[in-house]
Amino acid sequence: MQPNDTQAAEECESEGRATSMNVLWIMADQLRWDYLGCYGARHIETPNLDWLAGRGVRFNRAYVQSPICGPSRMSYYTGRYVRSHGSTWNGFPLRVGEPTLGDHLREVGVKCALVGKTHMTPDREGMKRLGIEPESAIGALVAECGFDAFVRDDGTNHSDYPGRHAEDYELYLREQGMEGENLWEEWANTAEGPNGELRSGWLLQNAPYAARVPKEHSETAWLTTRGIEFIEAHGDRRWLCHLSYIKPHWPYLAPSPYNGMYSASDLPPVNRSEAERLSDHPLMRAWMGMRVSKSFSRDEVRSLVAPVYMGLIRELDDQLGRLFAFLEDSGRLEDTMIVFCSDHGDNMGDHWMGEKDLFFDCSVRVPLIVYTPRAEADSTRGSSTDALVEGIDLAPTFIEYFGGPSKPHILEGRSLAPLLRGQETEWRTFCVSEYDYSTRDARREIGIDQTDARLAMIFDGRWKYIHVEKMRPMLFDLESDPRELNDLGANPDFREQADRLKALHFDWSRRHHSRITRSAEDIEKMTDDREPPGILIGYRDRGELEADGLALPSHADK
């Protein structure tokens, strides 16, 4: 266990270091792990994230609990699997009462603040049923997934979109002299063509044009500034700041010069095969037939969009350089853990698909870099680990960092602290990700009822097994097929591996996922105490009762 706050302070002081009691948790949206230099990318430069990796630990096999924004983030924020928290798709509310990271940190006196995106949809019906006013202090925390919202920006502000979340950014743009009815739409998501005509960022053909908003006023730059302002405003108070960027998520539109920084010649080769396109799996055929997959399977579309995706990543890295310089100049590197990750990746034409669907590594595997200033991490600086890590591991890591209690009956992840210290530890042997595709066109294409539109991935570090309800499984051997081009799910030669992983999935599914109101210690005490006080069941006579150290009520059986 992590030492308590007093012990930690004494250790740091004895080593001439400041007490490290803050966390800056940075999340990018839709960022592929293999588009960072520190993960081996040669087609793009990310010097600032590479610098962070050189000071911390790079996790090579980090997997999110869903490749979709909302459920992935709800797992990050609760430390629980998707089947446990129940928010299985974007716009599916996180139910009232589901414990969040903010709830756990407030118990130990830590402010848990948001700067940016959460994709949180509040359970307003549940709040109404329980009499929780959305405008109250409790209601605001419930609606914001347990965060104190310093600023909320979910990267969309369309007038027809439910729960618009870019109002603060729109006000900022207006203060900078920009005009219009919807500034997010008209400046951040609109470009100017060669003749000055306005071109919407929703159309992929317009991706190469520069966004109207100048780079110093882009959402990425603005969120960086707001993150710095939060840190400056909170001095020595213990805090976790979730600085959550909306890029490089679509719309794929970047300000100058990032829109033209890369070209099609800079792109890595697309990862797909003709055999994949001829798959006999009904789900894969349906998925490749969806509009977004057809678009990104066209070379001319990928050649337009992927260079801009890279430009958005480079813009993010540049802004992180500004942020890291601030932390260094202000001395906050000495008292702040920095964690960088993404909520999922982007298929970007790989496997004949667009968006972030299904469980290929380009979608479900994410970058994860952790820097901690504490001396106990000195031996691991600049190192990497192949341990199987899940997004749900961050919540228990943060709680332990702040000296909070272990809560294994609630938190399904595991603290990364032993890996950050280089300690030998027994670790998980497989990781899990889930997908509810009930709202996708592919479900109706293949005639699957919404109650059966469920997928689950079991990955043991080599074999990736995909449970597909009502259909055969998919199976990939990442040792012989690291590009995941050959689905072995129908091959009888690999039945043994499929059955083994199916059993792992069954074992995981049978675990307690909802028994969160009693800890293991509570249950052991209840077992020791047997029945509640005054309840005496099954005793034949007074002798049996007294042998157990119990007695009848004083008025009875005299």
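Note: hydrogens, waters and symmetry copies are ignored here, and every other heavy atom, side chains too, is used.
- No more than 12 heavy-atom neighbours from other residues, nucleotides or ligands sit within 6.0 angstrom of CG on Asp441.
- Contact detail for Val432 and Gln65: the closest heavy-atom pair is O-NE2, 2.9 Å.
- Here the side chains of Thr380 and Arg421 are not in contact, with every heavy-atom distance at 4.5 Å or above.
- Phe506 CZ: 12 or fewer foreign heavy atoms inside a 6.0 Å radius.
- For the residue pair Asp481/Asn486, the side-chain donor-acceptor check at 3.5 Å is not satisfied.
- To the nearest 0.5 Å, the span separating CD on Glu521 from CE on Met526 amounts to 13.5 Å.
- Shortest non-hydrogen contact noted between Met74 and Thr78 is O-OG1, 2.7 Å.
- Asp436 and Thr88 share a donor-acceptor pair across their side chains, judged by distance under 3.5 Å alone.
- The environment of Ile523 atom CD1 is dense: over 12 non-hydrogen atoms of other residues, nucleotides or ligands sit within 6.0 angstrom.
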Practice prompt. For the pair Val305 and Val301, evaluate side chain to side chain contact (heavy atoms under 4.5 Å, CB included) and give the outcome as yes or no after the intermediate values.
Written response: CA-CA 6 Å; Val305 174; Val301 170; 4.2 Å; yes

Discussion item. I'd like to know whether Trp25 forms a ring pair (Phe, Tyr, Trp, His ring centres under 6.0 Å) with Tyr77, so could you lay out the CA-CA distance, the side-chain angles of the two residues, the decisive distance to 0.1 Å, and finally the verdict.
Written reply: CA-CA 11 Å; Trp25 177 17; Tyr77 302 151; 5.8 Å; yes

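- At a threshold of 4.5 Å between non-hydrogen side-chain atoms, the residues Trp287 and Arg440 count as touching.
- Taking the six-membered ring wherever Trp is involved, the centroid distance between the rings of Phe430 and Phe459 does not fall below 6.0 Å.
- Side chains of Val364 and Met457 form a contact here, defined as non-hydrogen atoms less than 4.5 Å apart.
- To the nearest 0.5 Å, atoms CG (Asp154) and OG1 (Thr118) are separated by 5.0 Å.
- Between Val64 and Ser342 the shortest heavy-atom distance is CG1-O, 4.0 Å.
- Contact check for His249 versus Cys69: side-chain heavy atoms found under the 4.5 Å cut-off.
- In terms of heavy-atom proximity, Ile516 sits nearest to Pro99 at CD1-CD, 3.8 Å.
- Considering Glu484, Arg277, Met288, Arg483 in turn, Glu484 is the only one that fulfils the side chain to side chain contact (heavy atoms under 4.5 Å, CB included) rule with His351.
- The six-membered or imidazole ring of Tyr309 lies near that of Tyr35, with a centre-to-centre distance under 6.0 Å.
- Between Tyr252 and Phe296, the angle of the ring planes goes over 60°, which puts this pair in the perpendicular group of the 30/60° scheme.
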Practice prompt. Could you give me the CA-CA distance, side-chain angles and deciding distance for Ile392 and Tyr76, then say whether side chain to side chain contact (heavy atoms under 4.5 Å, CB included) is met?
Written response: CA-CA 5 Å; Ile392 56 175; Tyr76 270 119; over 6 Å; no

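- Contact annotation: the side chain of Arg472 approaches that of Asp487 to within less than 4.5 Å [non-hydrogen atoms, C-beta and beyond].
- Residue pairs that meet the salt bridge (charged side-chain N to carboxylate O under 4.0 Å, His left out) test with at least one member in residues 405-416, sequence neighbours left out, are Glu107-Lys407.
- Leu475 pairs by the side-chain contact (heavy atoms from CB on, under 4.5 Å) definition with Trp463, Tyr465, Leu488, Phe494, Gln497, Ala498, Leu501, not counting sequence neighbours.
- When every heavy atom of Cys341 is checked against every heavy atom of Leu368, the shortest pair comes out as CB-CD1, 3.9 Å.
- More than 12 heavy atoms of other residues, nucleotides or ligands sit less than 6.0 Å from atom CZ of Arg95.
- Donor-acceptor pairing under 3.5 Å is recorded for the side chains of Glu355 and Trp250.
- For Trp508, the ring pair (Phe, Tyr, Trp, His ring centres under 6.0 Å) partners two or more places apart in sequence, or in a different chain, are Tyr81, His513.
- Environment of CD in Gln423: crowded, with over 12 heavy atoms of neighbouring residues, nucleotides or ligands closer than 6.0 Å.
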Practice prompt. Begin with the C-alpha distance, continue with both residues' side-chain angles, and end with the deciding distance and a verdict on side chain to side chain contact (heavy atoms under 4.5 Å, CB included) for Leu141 and Ile138.
Written response: CA-CA 5 Å; Leu141 291 173; Ile138 294 175; 5.8 Å; no

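- Met310 CE to Asp317 CG: the interatomic distance, rounded to the nearest 0.5 Å, is 12.5 Å.
- Annotation: cation-pi geometry satisfied between Arg58 and Tyr39 (NZ/CZ under 6.0 angstrom from ring centroid, within 45° of ring axis).
- Looking at Met353 and Met348, their side chains never come closer than 4.5 Å, going by heavy atoms from C-beta outward.
- The ring of Trp51 has its center no closer than 6.0 angstrom to the ring center of Tyr371.
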Worksheet item: Between Arg443 and Asp449, does a salt bridge (charged side-chain N to carboxylate O under 4.0 Å, His left out) hold up when you go through it step by step?
Response: CA-CA 7 Å; Arg443 193 256 299 177; Asp449 187 82; 5.6 Å; no

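- Contact annotation: the side chain of Leu24 approaches that of Ile26 to within less than 4.5 Å [non-hydrogen atoms, C-beta and beyond].
- Atom CZ of Arg495 has 12 or fewer neighbouring heavy atoms from other residues, nucleotides or ligands inside a 6.0 Å radius.
- The number of heavy-atom neighbours closer than 6.0 Å to CZ of Arg291, taken from other residues, nucleotides and ligands shown, is 12 or below.
- Here the straight-line distance linking atom CZ of Phe340 with atom CG of Leu243 works out to 10.0 Å at 0.5 Å rounding.
- Using cut-offs of 30° and 60° for the angle between ring planes, the His505 and His467 rings count as tilted.
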Discussion item. Applying salt bridge (charged side-chain N to carboxylate O under 4.0 Å, His left out) to Arg462 and Asp477, what does each step give before you reach the verdict?
Written reply: CA-CA 6 Å; Arg462 173 180 176 179; Asp477 178 6; 2.8 Å; yes

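- If you take OG on Ser75 and CZ on Arg83, they are separated by 12.0 Å, rounding to the nearest 0.5 Å.
- No hydrogens or angles considered: a donor-acceptor pair under 3.5 Å links the side chains of Thr46 and Asp50.
- Across Asp343, Asp361, Asp350, a single residue satisfies salt bridge (charged side-chain N to carboxylate O under 4.0 Å, His left out) together with Arg32, and that is Asp350.
- The heavy-atom pair separating Ser66 from Val82 by the smallest distance is CB-CG2, 4.0 Å.
- In this structure, OG in Ser438 is found 10.0 Å from CZ in Arg444, a value given to the nearest 0.5 Å.
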Item to complete: Could you check Arg124 against Ile132 for side chain to side chain contact (heavy atoms under 4.5 Å, CB included), going step by step and ending with a plain yes or no?
Response: CA-CA 9 Å; Arg124 297 197 182 280; Ile132 300 174; over 6 Å; no

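- In this model, a donor atom of one side chain and an acceptor atom of the other lie less than 3.5 Å apart for Thr439 and Trp89.
- When only modelled atom types and interatomic distance are considered, Asp357 and Tyr435 share a side-chain donor-acceptor pair under 3.5 Å.
- Classified by interplanar angle (parallel below 30°, tilted 30° to 60°, perpendicular above 60°), the ring pair Phe147/His242 is parallel.
- In Arg530, the CZ atom is not crowded: 12 or fewer heavy atoms of neighbouring residues, nucleotides or ligands sit closer than 6.0 Å.
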